[in-house]
Amino acid sequence: MKEKDIRTRLRTGDVVVAVAGKERFGKKSGKIIKIFPRTGRVLVQGFNYVKRHTKPTQKNPKGGIVEKEAPVAISNLQIYCPRCQRGSRIKMSGEGEKKKRLCARCGESLDKG
């Protein structure tokens with residue numbers, strides 16, 4: 001059975017805040033590094049650190065325990081609005097080829113440029 005890609009309005013490079021999960025309690029925000037549409041997860045800089053035991057390699061000759069980011073579910077994140085200074089939903093506006101992403105609270109444009 002073929003998996004279906006999950007559509008999202010988040011993009012690589014967006015700053016997001018956690019609304020659920022353990023990051024929510026620290027009111028963390030971070031930049032999106034990578035999006036995995038097949039699994040509906042996102043890799044966020046500074047979020048969801050896990051420890052992994054690694055064997056020695058040429059790149060890391062000692063091996064040992066490495067802390068790295070693990071993907072977070074898209075549903076646990078909201079885009080950060082610089083004007084509201086908090087997480088917000090995304091509202092789409094515009095017709096034709098140029099659609100804009102807007103903050104659902106204040107209407108501020110979330111696209112760069």
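Val17 and Ile79 are members of different hydrophobic clusters when ILVMFWY side chains are connected at heavy-atom separations under 4.5 Å. Cluster membership for Val72 and Ile32, using ILVMFWY side-chain heavy atoms within less than 4.5 angstrom, is shared.
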Q: Carefully, step by step, assess Leu110 and Ile90 under the rule side-chain contact (heavy atoms from CB on, under 4.5 Å).
A: CA-CA 8 Å; Leu110 299 170; Ile90 299 172; 4.1 Å; yes
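Pairing each heavy atom of Leu102 with each of Ser109, the nearest pair is CD2-CA, 3.8 Å.
Among residues at least two apart or in separate chains, side-chain hydrogen bond (donor to acceptor under 3.5 Å, both in side chains) pairs with a member in residues 77-93 are Arg83-Glu108.
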Show every donor-acceptor pair shorter than 3.5 Å between a side-chain atom in residues 47-55 and any protein atom, with sequence neighbours excluded, or say none if there are none.
unit_1	atom_1	unit_2	atom_2	d
Asn48	ND2	Ala70	O	3.4
Asn48	ND2	Pro71	O	3.2
Tyr49	OH	Glu69	OE2	3.4
Thr54	OG1	Gly64	O	3.0

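A distance of 14.5 Å separates CZ in Arg41 from NZ in Lys34, rounded to the nearest 0.5 Å.
Leu43 belongs to a hydrophobic cluster whose remaining members, ordered by chain and number, are Ile33, Phe36; membership requires side-chain heavy atoms of ILVMFWY residues under 4.5 Å apart, directly or through intermediates. Within the hydrophobic cluster formed by Ile, Leu, Val, Met, Phe, Trp and Tyr side chains joined at under 4.5 Å, directly or through other members, Ile6 stands alone, with no partner residue.
The side-chain heavy atoms of Val66 and Asn60, taken from C-beta on, include a pair separated by under 4.5 Å.
For Arg101, the salt bridge (Lys or Arg N to Asp or Glu O under 4.0 Å) partners are Asp14, Asp111, not counting sequence neighbours. The side chain to side chain contact (heavy atoms under 4.5 Å, CB included) test applied to Thr8 returns Leu10, Ile35, Ile74, not counting sequence neighbours.
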